[in-house]
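Note that the structure is predicted; figures quoted are calculated from it, not measured. All values below were derived from every heavy atom in this structure, side-chain atoms included, with hydrogens, water molecules and symmetry-related copies excluded. Throughout, numbering of the chain's residues begins at 1 and tracks the sequence.
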Amino acid sequence: LDLRFFYFFLSICESASFFQPISDSHRSAAVELFSPDHGSLKSLEETYEALRTFDVLGIEKKPDVTATACRLVSETVGSSSSTLKNVFYALKANSIVKCKINDKAYQGIITRLNAAVDGASSLPDFYYSVGGLVLVKGSKGDVHLADADGIFRSVKAFRQSDGRWRSSSSNPESSAFAAGIALETLAGVVSLASPELDQSLISTLNNDISKLFDSIEKYDDGALYFDDKLVDGHDHQGPLATTSSVVRGLTAFAAVTDERLNIPSNKILGLANFFLGIGVPGDAKDLFNQIDSLACLESNRVSIPLILSLPSTVLSVTKEDLLQVNVNTVLGSNAPPLTVKLVGVFTSGSKAASLVESQELVFDDGTGMYNLKNLPKSIDVGSYTFVFEIVLHELEHEKIYITGGQKKVPIFVSGLIKIENAEIAVLDSDLGSIETQKKLDLAGQNAVSLSANHLQKLRVSFKLTTPHGLAFKPHQALLKLRHESKVEHIFVVGNSGKQFEIVLNFLGLVEKFFYLSGRYDIELAVGDAVMENSLLLAIGHIELDLPEPPEKATRPPPQPVDPYSRYGPKAEITHIFRAPEKRPPKELSLAFLGLTFLPLLGFLIGLLLLGVNLKNFPSNAVPATFATLFHVSIGAVLSLYVLFWLKLDLFQTLKLLGFLGVILVLVGHRVLSHLASTSAKLKSA
């Protein structure tokens, strides 16, 4: 495997610890995951999730589900047997596709939902009924709850002291997922209240939200999420669904109350980082939860997160790449006027001071990105941590947007490494004088041919410098010798500053080489994540003359067998057949054939002597038919005997004979019955 690919892969993995806003990859995934099955999605819930995802992402070329959605909506709202959940999702889907629903249907829905609110006994019942009324209000306008205070208190009865909620009074388990549903339900109660609710109820709920956020969990990269660790895992939703439920409830409640929620802005940014850190989900439900939650965060009244991202975290000194920075909302919308500062650059793993002074990046109106055209001279090839800071221009925007303070981004700075003074030489063991020395072109092809014995040494040396002329130490510098028997030996090339050198003393390596004389191919591997010209190069070969091995010397290990060799061509197998036995003369065979026809000839002569005739052949249609079939069956059996002699084997013949025998018995029985009946009539007459 070429080391350049390995280090390139390594650089990608190590630089992927920051978050990117929603991209076209999410749009392509949405079109694929929400593709209708035979013209429709499986349920109203999936139909709404597809419509909502397409709407948030602004996908123009999407599957046409509008007609199917309107048909399902009309059937659901017009049927009195529809479940409360289906009515809720039908109204949600209708809020997007805007189907035509008459006033009579709306009135029936309002009556049914009000009755459901009055009779609700669990949190899902309140959620679907109150949520349905909120959706009807969005379409018709004049919808209110008569006893909003009482309904608010009924929902709050499911609240627990730790900020989590139960889904019903009979279920002792509380969860953050249920808390999100409860917050969204209570937001609906507030919006439907007439007159307004008691503000003390809303204030206590604000305290419950603060307690809920005390149980939030955190990843090492700063992403925050909620997860329910239930004893009974039957209703466990997972971190994504749970966090999505909390975000929907939180933003819905914040939208209907004038009281500012006591939630630190950095926690809102941490939630956004959690959803963005997922990448592109491979499941339709997960994708909906991700996109819908990010849409809620983008339009929430607490704090709108701004995401700093880089198109590339690998910059080339040789190519003079630009340092480019994007600042967008979580859905990729443009950010308000701001300034991006490069606060500092630090060598990875080092606690030294910043390599650069604080400076502003230049905004490019054409690309919408912030650029640093030239990297400072103090930055050479290597791994660094760049520290950025976002500064909003308007003070009013600081109350709306959250930037998250300074942002650390790991960046690799790569370049072409200069390889100079490359040599390979054979030295005398005693004096160290050079017996053979050859220059190497590590940027081109080499075909060095050397020879040595066990009393000599092999030296390989070269010099590595960065584009700025500094000493460069790669992750790996290896010299490999491979014997013609496929036995390999790998040595690490040491360095002193810019100079890399390795000396192999064959006298001390004879046991390691298993006393194997002969040809050894020489390969040099130099690789690093920031070295654009990493190499794995065949230098040439050396003929080694080693002493004979002693009796107890270690033998070379068996070489691994190629697993694909079992599928290669096999040795040809030659069969020895028995010589054919001697056959009888041709005349004898023909005479035997003639004898086999004698019984048939005797049968025909016997028929003539007996005076066989067709006088008793039936004249009526039905008996005549069976008589004909009887004679045809006999002829078929005789023909089968001929085929058995010429072509068929015993098993084929018996199979056909069994079939013909059944027919012969049936039709023969009918013919004999007819003849017996005719004979009886003649005697009676």
Task: Sequence-distant partners of Lys156, side-chain contact (heavy atoms from CB on, under 4.5 Å), two or more places apart - done: Phe152, Arg159, Trp165, Leu186, Thr204, Asp208
Open item on the list: I'd like to know if the side chain of Lys408 reaches the main chain of Phe388, judged simply by a donor and an acceptor atom lying under 3.5 Å from each other, with no hydrogens or angles considered.
Closed with: no
Open item on the list: Do Ile202 and Phe253 have side chains that approach each other closer than 4.5 Å (heavy atoms only, starting at C-beta)?
Closed with: yes
Task: Sub-6.0 Å ring centroid separation between Phe177 and Phe226 - done: no
Task: Contact summary for Ala254 and Val302, nearest pair of heavy atoms - done: CB-CG2, 4.0 Å
Task: Pairing residues for Ser122 by the side-chain contact (heavy atoms from CB on, under 4.5 Å) criterion, not counting sequence neighbours - done: Pro124, Asp125, Ser168
Open item on the list: Quick check: do Phe288 and Arg52 have side-chain heavy atoms less than 4.5 Å from each other?
Closed with: yes
Task: Side chain Ser74, main chain Arg71, donor-acceptor under 3.5 Å - done: no
TODO: For Phe346, check side-chain contact (heavy atoms from CB on, under 4.5 Å) against everything at least two apart and list the hits.
DONE: Ser354, Val387
TODO: Mark yes or no for whether Glu45, through its side chain, and Ala90, through its backbone, hold a donor-acceptor pair below 3.5 Å.
DONE: no
Task: More than 12 heavy atoms from other groups under 6.0 Å of CD on Glu217 - done: yes
TODO: Assign the ring pair Phe34 / Phe54 to parallel, tilted or perpendicular, where the plane angle (0 to 90°) is split at 30° and 60°.
DONE: perpendicular
Task: Residues Lys211 and Asp214 bridged, charged N to O under 4.0 Å - done: no
TODO: For Asp528 and His475, indicate whether the former's side chain and the latter's backbone hold a donor-acceptor pair under 3.5 Å.
DONE: yes
Task: Thr47 side chain near Thr68 side chain, heavy-atom distance below 4.5 Å - done: no
Open item on the list: Quick test of your reading: applying salt bridge (charged side-chain N to carboxylate O under 4.0 Å, His left out), list the pairs with at least one residue in residues 359-369, sequence neighbours left out, ordered by first then second residue.
Closed with: none
Task: Pairing residues for Tyr106 by the ring pair (Phe, Tyr, Trp, His ring centres under 6.0 Å) criterion, not counting sequence neighbours - done: none
Task: Passing candidate, side-chain contact (heavy atoms from CB on, under 4.5 Å) with Leu308, options Ile390, Asn328, Thr403, Asn326 - done: Ile390
Open item on the list: Can you list everything that forms a side-chain contact (heavy atoms from CB on, under 4.5 Å) with Ala272? Sequence neighbours excluded, please.
Closed with: Leu297, Pro305, Val330
